[in-house]
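In what follows, a single structure is set out as structure tokens and then discussed.
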There are 2 protein chains.
Amino acid sequence: MQLLKERIKKEGRIVSGQILKVDSFLNHQIDIDLYNEIGKEFKMLFSDVPVTKILTIESSGIGIACITAQYFGVPVVFAKKAKSKNIDGEVLTSRVDSYTYEKSYEIMVSSKFIKPEDKILIIDDFLAKGKAIIGLNNIVNSAGASVSGVGIVIEKGFQEGGNIIRQMGLNLHSLAVLDKIEENGDIVFK
Amino acid sequence: MQLLKERIKKEGRIVSGQILKVDSFLNHQIDIDLYNEIGKEFKMLFSDVPVTKILTIESSGIGIACITAQYFGVPVVFAKKAKSKNIDGEVLTSRVDSYTYEKSYEIMVSSKFIKPEDKILIIDDFLAKGKAIIGLNNIVNSAGASVSGVGIVIEKGFQEGGNIIRQMGLNLHSLAVLDKIEENGDIVFK
């Protein structure tokens, strides 16, 4: 997605060598016009598969999932990371090791909201080691439902997540795949 | 907002006497059509004040803020609850006591994204004791910016948050104000 790649090149910042920060438009401050272009792109890429619900994970996937859902005409469900009073009853869970937060955590979805007949499109902002997507896929499987596709905004192509997800046979589309970050900080896409 | 109140009466569930759960359409599974009606209502209610950015807090405010921002044509900024690699540089912080999570936590916004000239509309899903809104208001004030309004989807009118926020002189609009929850579980609106 050319518009996204241009935006990453223009506003993305590299910190600590390998961490791409896109907080001015994607995951802290949010450019809603860009989110709409992302939503349209996902609709085009997944136009040939059935989608009854979009599943994402808190927090930075939620906004992208909501704007994207407008183009599919389906509800969003977001997996929660911490047990609170706001989730009760029977839950589907999976454990995720987080690269960003350097800890592992449980993700959970109320079993009411994913049924065996659901065709799920998983949406998230980043794909690095693939742990969050594997956790979401586990939750969909444990509900007896199926994953129609996985839509990622930015895939870090130099980490293993993309290969793992593709080898699992999941229908993955990433809107921008980073090939490498040069020593001078230049971002190269695949 | 009549549509919202009808939906709360139809699908809201009361647990432990005082906790209203609206997880089938508002904050776990999300009805995007309802979010759009909420966004239009906020635009109508705040049409007479300047708004340059919408500020919310992760996680359940993000989707509402993103859909609402489409009607204002402004970016969204969401406050983060945990220090991660995804936030760096100078940050604006405030401490919040959470009713839902029974603990206190720091919320933070990168100082790059709220400037003195900004006119901020704060959006959140629930207002109970008002702690999150006070924290967001503190962050806006510490940036030297001003709060044009506070838009809440569901205000628990039997808790003190609404009065506190109004007494602070903030321009608060709540789309549904709960008056009380009857012993039989009936929900009464103000």
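Treat the numbers as computed from the prediction; the structure is a model and nothing was measured. These numbers come from the heavy atoms of this one structure, side chains and all, not from hydrogens, waters or symmetry mates. Below, chains carry the letters A, B, ... as their sequence lines are ordered, and counting in each starts from 1.
Proximity to chain A among residues 65-74 of chain B is limited to B:Cys66, B:Ile67, B:Ala69, B:Gln70, B:Val74, judged by heavy-atom separations below 4.5 angstrom.
By the salt bridge (Lys or Arg N to Asp or Glu O under 4.0 Å) test, A:Lys112 is found to be paired with B:Asp23, residues two or more places apart in sequence or in another chain being considered.
Within the 4.5 angstrom heavy-atom criterion, atoms from both the backbone and the side chain of B:Phe78 approach chain A. The contact between B:Ser24 and chain A is made by backbone and side chain atoms together, counting heavy-atom distances below 4.5 Å. If you measure heavy-atom distances from A:Asp33 to chain B, you find no contacts under 4.5 Å at all.
A:His173 and A:Phe42 have their aromatic ring centers separated by at least 6.0 angstrom.
Under the 6.0 Å distance and 45° angle rule, A:Lys156 counts as a cation-pi partner of A:Phe126.
Evaluated for a side-chain hydrogen bond (donor to acceptor under 3.5 Å, both in side chains) with A:Ser59, the options B:Lys80, B:Glu58, B:Lys81 yield exactly one hit, B:Glu58.
The shortest distance between side-chain heavy atoms of B:Val153 and B:Leu4 falls below 4.5 Å.
In this structure, a donor-acceptor pair under 3.5 Å is absent between the side chains of A:Asn27 and A:Ser60.
Proximity of a side-chain donor or acceptor of A:Thr93 to a complementary backbone N or O of A:Met108 within less than 3.5 Å is not detected.
Going from atom NZ of B:Lys129 over to atom CD1 of B:Ile133 covers 15.5 Å, rounded to the nearest 0.5 Å.
Listed options B:Ile32, B:Val77, B:Val22, B:Val76 were ranked by heavy-atom pairs under 4.5 angstrom with chain A; first place goes to B:Val76.
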